[in-house]
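Since we're looking at a predicted model, the values are computed, not measured. Order of appearance sets the numbers: ligands from 1, and atoms from 1 within every ligand.
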Amino acid sequence: MENLPNSIEIGFVSSNVQKYKEIYKVFLQKSKIQLKFLNMILSEIQSDSLEEIAKFSLKTCFQKDFTIPYFVEDSGLFIETLNGFPGPYSSYVLKTIGLWGILKLLEEKDNRKAFFQSSIALYFNKKIYLFTGRVNGIISASVSESGWGYDPVFIPSKGDGKTFGELGEKKYSLSHRYLAVCKLISFLNEEYKLGS
Ligand code: IMP
């Protein structure tokens with residue numbers, strides 16, 4: 001077990017405050033562990049696997065000598081009819097063709113199925129652990145007003161037909177990230193003997 005005193009802390013290494021907000025809420029609900037935001041711009045490798053990307057980003061943190069256990073998260077949107085595009089390239093695609101570009105690619109397509117995946121890589125007790133969450137859904141026909149990243153165009157299967165963006169904070173307990181973070185928390189609660 002990690003050698004930590006009364007208040008147990010874990011670091012989330014990222015430069016994305018939106019992700020932190022979502023993950024923080026889950027920790028608040030499901031664990032006594034305190035989540036710290038370790039602000040850092042992470043390097044990413046090119047890979048088809050989000051797990052591999054997350055693992056690589058985690059290893060780039062080793063030089064920082066953080067004194068608490070920490071994790072990184074990598075996510076992506078996989079569109080079935082586009083053979084999983086943009087997947088691991090989600091960030092680049094959003095910056096280049098954007099949401100309207102994605103809708104344009106799907107203009108003539110009947111199949112609008114997609115899934116969102118979140119992969120977490122944790123550094124704990126000098127070992128790396130991986131946790132993944134996936135949520136199925138469809139890509140909307142238009143861009144909704146609220147939400148960050150792909151939230152304005154992703155309609156999760158269990159979201160009453162609303163996009164992640166339209167769901168507001170309800171997204172936090174429906175998302176790919178929520179599922180991955182729940183697995184991470186179960187692992188940590190077990191390791192620290194905190195109960196759920
Ligand atoms: P990364 O995990 O930061 O590499 O994210 C990849 C891309 O997917 C970025 O463009 C993010 O904006 C987007 N993204 C990641 N997670 C979400 C999410 O929960 N909702 C909407 N977009 C997301």
message = My understanding is that a hydrophobic cluster links ILVMFWY residues whose side chain heavy atoms are under 4.5 Å apart, including indirect links. Using that, what else belongs to the cluster containing Tyr92?
response =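 Via sub-4.5 Å side-chain contacts, Tyr92 links to none.
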Could you identify the single nearest non-hydrogen protein atom to [atom] and state the distance to 0.1 Å?
atom	result
atom 17 (C) of ligand 1	Trp148 CH2, 3.2 Å
atom 13 (C) of ligand 1	Tyr150 CD1, 3.8 Å
atom 20 (N) of ligand 1	Asp151 OD1, 2.6 Å
atom 6 (C) of ligand 1	Ser75 O, 3.3 Å
atom 10 (O) of ligand 1	Ser91 CA, 3.2 Å

key: Polar side chain donor-acceptor pair, Ser7 to Glu9, under 3.5 angstrom   = no
Hey, is [X] touching ligand 1 through its side chain, its backbone, both or neither, going by heavy atoms under 4.0 Å?
X	answer
Lys171	side chain
Asp74	both
Glu44	side chain

ask   = What do the steps show when you test Asn189 against Ser31 for side chain to side chain donor-acceptor pair (under 3.5 Å), and what is the final call?
value = CA-CA 7 Å; Asn189 283 348; Ser31 181; 3.0 Å; yes
ask   = If you count the atoms of ligand 1 from 1 in the order shown, which ones are under 4.0 Å from a heavy atom of Gly149?
value = 12 (O), 21 (C), 22 (N)
request  = Return the orientation label for the Phe116 and His176 ring planes: parallel under 30°, perpendicular over 60°, tilted otherwise.
outcome  =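 Parallel.
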ask   = Considering Arg177, Lys19, Glu22, which one's heavy-atom position lies nearest to atom 16 (N) of ligand 1?
value =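 Minimum heavy-atom distance to atom 16 (N) of ligand 1 goes to Arg177.
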query = Of all the heavy atoms in Lys95, does at least one lie under 4.0 Å from an atom in ligand 1?
reply =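 In this structure, Lys95 fails to qualify as a contact of ligand 1 - no heavy atom is under 4.0 Å.
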request  = Could you tell me if any non-hydrogen atom of Phe154 lies under 4.0 Å from any atom of ligand 1?
outcome  =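 No, Phe154 has no heavy atoms under 4.0 Å from ligand 1.
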query = When you check the gap from the basic side-chain N to the acidic O, do Lys104 and Glu107 get nearer than 4.0 Å?
reply = yes
query = When rounded to the nearest 0.5 angstrom, what distance separates NZ in Lys113 from CG in Leu106?
reply =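 Going from the NZ atom of Lys113 to the CG atom of Leu106 covers 13.5 Å.
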